[in-house]
Amino acid sequence: MRFFNTYSREIEEFQPRDPAERKVGIYTCGPTVYSRAHIGNFRAYIFEDLLQRHLELRGYNVHRVMNMTDVDDKTIRGACEANIPLAEFTAPFKQAFFEDIETLRIKRADEFPAATDQHYIDRMIEMIGTLISRGLAYQADDKSVYFRINKFPDYGKLAHFDLTQLQSTGRVKHDEYDKEHIGDFALWKAWDEEDGDVGWESPWGRGRPGWHIECSAMATALLGDQIDIHCGGVDNIFPHHEAEIAQSEGVTGKKFVRYWLHCAHLLVDGQKMSKSLGNFYTLPNLLEKGYTGREIRYALMRVHYRAPLNFTWEGMEEARQALARIDEWLARLREVIAKKIDNEKNKTRPREQFEEALDDDLNISAALGFLFETIRETNRAMDRNELDAPSAEAWLDWWKRINKVLDLETENEILLPAEVAQLAKDREKARREKKWNQSDELRDRISARGWEVRDTKDGQKLTPRGTS
Ligand code: AMP
Ligand code: ZN
């Protein structure tokens, strides 16, 4: 397996810390919970979901942590404007986030630490103390504590950033005059009036953590001093991830992250989808327009994570059509199996091209290309009645395997072929009229087409055979 590592700017062979146990620790920067996440954010989370699922398919034991940024400038501003406590302000956005990842079938991380958890606040304070004692941080006249980037020679290596350029611009924001260097970033922000009742006591006075130290503290607390893979969107590279490296390595003295993976943005008319530009859609916005969670999942997943993806309505329609093709193909395979077709001319069997494409820096476009080529070929064989039941079963098994990564199968109702739906309707009528013999006969006919009928108090339920 190979990944493009932002740190080296090269494709590297993947070697986890613990190859024998096949354990992989992943840290992914989670949402800032000051409003509902937009689908641009979900492009990042779906890329991370794909990464996790593919590693799992290849037999790795993934332990993934995703943080909740529930204290920062934006969340504090929101709570102040709403005139409610910070935790009360962020709670509905956290809940909305969990609803949205479920709709998009994004696997839940093993842990979702929140920055405001006292346990992590304590750790942040401890880390800042260590950085000060090593000369890597200092308290300025404004009472805030800053990281001293000149004392960390590797600063800028992730972003490939030239620090002399940073100095030469000479731009100094008026509220940052206390810093020694324009690039020094806040570890601890001294309390001011705008913070209202948000604040924690620390050796440097009342205040709150900077965003970057939050991630360093939660990541090292839950995954140890070294993490296998750290992800985020490209906008996180600088300063956020650069700062995470400086802080974590400044404390532990060990290499913080082995592989840095960053996804390109979801764009609208060539610009990053973002809240500040106002060019965003939330998941409910798209659901209201009649798109389903899996259609949106597919639309956000189908392009390689390092290529920018333009959001368009045509793209949504293409996603819908692509999924309809998959649904129809699965229904046809099930029919071949149910009818026990034994006329075999097409002996092709699934190989590993799909997985191999994903091994290659998660090349999902190539993987999906292979899936649709397979669909085209097997459909052609089925048109000629030349795909036998064992072959169809092999392809169905293959689908079940790759669908562990894709998670794109529809709910059963929509998958019902028209013919089966009609038989089910007839059977419902027969049962209402208490024509039991007819009802039983219809059950057999439905069964012959690969569907099982169960009678429940809510009426009959149909499931493809072999799935219940
Ligand atoms: P935020 O809530 O702004 O901290 O963002 C959460 C995650 O979403 C980060 O990993 C960002 O890099 C990512 N992100 C934000 N906007 C976009 C976008 N338009 N496309 C892809 N990822 C994004
Ligand atoms: Zn982060």
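Counting starts at 1 for both ligands and their atoms, following the listed order. Any value given below was found using the heavy atoms of this structure, including those in side chains, with hydrogens, waters and symmetry copies removed.
The closest approach between a heavy atom of Ser274 and any atom of ligand 1 is not below 4.0 Å. Ligand 1 lies out of reach of Phe280, whose nearest heavy atom is not under 4.0 Å from it. Heavy atoms of Lys275 come nearer than 4.0 angstrom to ligand 1 in no pair at all.
Counting non-hydrogen atoms of neighbouring residues, nucleotides and ligands closer than 6.0 angstrom, the CD atom of Glu194 reaches no more than 12 such neighbours. In this structure, Lys254 places its NZ atom where only 12 or fewer heavy-atom neighbours from other residues, nucleotides or ligands lie under 6.0 Å away. Counting heavy atoms of neighbouring residues, nucleotides and ligands inside a 6.0 Å radius, atom NZ of Lys143 does not exceed 12 of them. No more than 12 heavy atoms of other residues, nucleotides or ligands shown are found within 6.0 angstrom of CZ on Arg351.
Across Lys107, Arg297, Arg53, Lys400, a single residue satisfies salt bridge (Lys or Arg N to Asp or Glu O under 4.0 Å) together with Asp407, and that is Arg53.
From the protein, the heavy atom lying nearest to atom 16 (N) of ligand 1 is Lys272 CE, 3.3 Å. When hydrogens are left out, the protein atom nearest atom 20 (N) of ligand 1 is Leu266 N, 2.8 Å; that is the closest non-hydrogen contact. Looking only at protein heavy atoms, the nearest one to atom 7 (C) of ligand 1 is Tyr45 OH, 3.5 Å. Closest to atom 9 (C) of ligand 1 among all protein heavy atoms lies Asn236 OD1, 3.3 Å. The protein atom (non-hydrogen) at minimum distance from atom 23 (C) of ligand 1 is Gly40 O, 3.4 Å.
Inclusion of Cys215 in the first shell of the Zn ion (ligand 2) is supported: an N, O or S atom falls under 2.8 Å.
For Cys29 atom SG and His240 atom NE2, the angle they make at the Zn ion (ligand 2) is roughly 120°, to 10 degrees.
Summarising the geometry, atom CG belonging to Leu158 is positioned 6.0 Å from atom OG1 belonging to Thr6; distances are rounded to the nearest 0.5 Å.
With respect to Lys157 and Glu242, no salt bridge is recorded, no charged nitrogen being found less than 4.0 Å from a carboxylate O.
Listed by number with element, the atoms of ligand 1 under 4.0 angstrom from any heavy atom of Met273 are 16 (N), 18 (C), 19 (N). Per-residue contacts place Pro31 under 4.0 angstrom from the following atoms of ligand 1 (heavy atoms of the residue considered): 2 (O). Numbered from 1 in the order shown, with element, the atoms of ligand 1 that lie under 4.0 Å from a heavy atom of Asn41 read 5 (O), 6 (C), 7 (C), 8 (O), 13 (C), 14 (N), 15 (C), 16 (N). Taking every heavy atom of Gly232 and a limit of under 4.0 angstrom, the matching atoms of ligand 1 come to 10 (O).
Of all the heavy atoms of Asp235, the ones lying under 4.0 Å from any atom of ligand 1 belong exclusively to the side chain.
For the pair Lys189 and Tyr146, the NZ or CZ position fails the cation-pi test of under 6.0 Å to the six-membered ring centre and within 45 degrees of the ring normal. Cation-pi geometry between Arg306 and Phe4 is met: the NZ or CZ atom falls under 6.0 Å from the ring centre, inside 45° of the normal.
Taking the six-membered ring wherever Trp is involved, the centroid distance between the rings of Tyr259 and His230 does not fall below 6.0 Å.
Here's the thing with Gly233: one of its N/O atoms is less than 3.5 angstrom from an N/O atom of ligand 1. Considering backbone and side-chain N/O of Thr32, one or more are found under 3.5 Å from N/O of ligand 1.
Relative orientation of the Trp313 and Tyr281 rings is perpendicular, given thresholds of 30° and 60° on the angle between their planes.
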